[in-house]
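Because the structure is a prediction, the values reported are computed rather than measured. These numbers come from the heavy atoms of this one structure, side chains and all, not from hydrogens, waters or symmetry mates.
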Amino acid sequence: MLTIESPDEMRAWAREQAASDRTIGLVPTMGALHGGHLALIADASRRCDVVVVSIFVNPLQFNEADDFGNYPRPIDNDVANCQAAGVSVVYAPSGSAMYPEHFQTRVILGTLAEVMEGPMRPGHFEGVATVVSKLFGAVRPDVSIFGEKDFQQLAVITQMAADLDTGIEVVGHPIVRDPDGVAQSSRNRRLTPAQRAAAVCVPKSLTAARIAAAGGAEPGDVIAAAAAIIDSEPLTEREYITIFDARTLTEIERFEIINRRARAVRIATAVWFGNVRLIDNCDLFGE
Ligand code: PAF
């Protein structure tokens, strides 16, 4: 396995793969790899001849300097996990390689970035889209895999890849959960044991929502059922729960027959545990 740190070297390696007709799968990450990332790597390996995992904690997408500073960076462990998973290249550029002095370009997004997480995290998706665009430019992947836990991120990147004619297939991978249902996330390791135990209320709230929806409740009551579970846990502070159209990400205030049949409706939530913010979502009417 190679570790590459410069965009030029990364592009040169990608050109060699293309010349040998090998397809490249990219799994973009900020490191602190967990089972969810390993599932994305396995998916990329099934789809492509070679797999690149990028590891870069992207300052452009953080709203709080503390959150950026505290983000876990267990790079040696990450590299060992990539090696064990059969990854061909870890692409781990430095901050100055990605954003040299005088860097000034940003990707401007549309409505998909303006809803849900968008207003809570100004500039976040622009930062994500900008770094992913740079990773696409350096790695030149055929396929890139993103987890559905960040459902809005997946939607924004899918749209960007299509709008900018990248030719890259963006694939969403189902959320990987711990045995108690909590979605795997790099942020989980910042929870205290008591907060980690309390975090089970998040997937439980989504299950309560699905039960209410299956029983015929309208969005307001579905959200109330989910909120009751989160609010009964003293260690939480609920930020939002929203029911939305999976394609446009617009909020749904009343269900139509089509919503229930088309599996096009999702519910998402963001919940604080102290200074750790967890997000989760699921299909509201699917199996
Ligand atoms: O999902 C993440 O880990 C990040 O947002 C990404 C896609 C690697 C961009 O920094």
Could you check whether Q184 and D178, counting side-chain N and O atoms only, form a donor-acceptor pair closer than 3.5 Å?
yes
Between T23 (side chain) and D49 (backbone), is there a donor-acceptor pair under 3.5 Å?
yes
Does Q83 reach the main-chain N or O of A80 with its side chain, forming a donor-acceptor pair under 3.5 Å?
no
Student check: side-chain heavy atoms of H34 and S186 closer than 4.5 Å
yes
Does G127 offer a backbone N or O that forms a donor-acceptor pair with the side chain of N58 under 3.5 Å?
yes
When you group the ILVMFWY residues by side-chain heavy-atom contacts below 4.5 Å and let the links chain together, are W13 and I55 in the same group?
no
Determine yes or no for a side-chain-to-main-chain donor-acceptor pair under 3.5 angstrom, with Q153 supplying the side chain and V128 the backbone.
no
Side chains of V182 and R196 in contact at under 4.5 Å (non-hydrogen atoms)
yes
Does T236 reach the main-chain N or O of R238 with its side chain, forming a donor-acceptor pair under 3.5 Å?
no
Is there a side-chain contact between F244 and V265, using heavy atoms and a 4.5 Å cut-off?
no
Would you say the side-chain atoms of T166 pair up with the backbone N or O of A161, donor to acceptor, closer than 3.5 Å?
yes
Side chain E218, main chain G220, donor-acceptor under 3.5 Å:
no
For E237, look at atom CD and say whether over 12 heavy atoms of other residues, nucleotides or ligands are found less than 6.0 Å away.
no
Could you tell me whether the side chain of T158 and the main chain of V170 form a donor-acceptor pair under 3.5 Å?
no
Could you state the interatomic distance from NZ (K204) to CG (D280), rounded to the nearest 0.5 Å?
14.0 Å
Answer yes or no for R73 and F68: cation-pi contact, defined as NZ/CZ to six-membered ring centre under 6.0 Å and angle to ring axis within 45°.
yes
Taking side chain to side chain contact (heavy atoms under 4.5 Å, CB included) as the definition, give me every residue that meets it alongside N70, ordered by chain and number, with sequence neighbours left out.
D66, R190
Looking at A268, is its backbone amide N or carbonyl O close enough to the side chain of T242 to form a donor-acceptor pair, meaning the two atoms are under 3.5 Å apart?
no
Is the side chain of N188 donor-acceptor paired with the backbone N or O of A183 at a distance under 3.5 Å, no angle test?
yes
Check whether any side-chain heavy atom of V90 lies under 4.5 Å from a side-chain heavy atom of D78, and answer yes or no.
no
Let me check something: any side-chain donor-acceptor pairs from residues 138-146 under 3.5 Å, sequence neighbours excluded? List them with distances.
residue: R140; atom: NE; partner: G137; partner atom: O; Å: 2.8
residue: D142; atom: OD2; partner: I24; partner atom: N; Å: 2.7
residue: S144; atom: OG; partner: L26; partner atom: O; Å: 3.1

Close side-chain approach of V222 and L284, heavy atoms under 4.5 Å
yes
Scan side-chain atoms only and decide if E117 and Y240 contain a donor-acceptor pair under the 3.5 Å cut-off.
yes
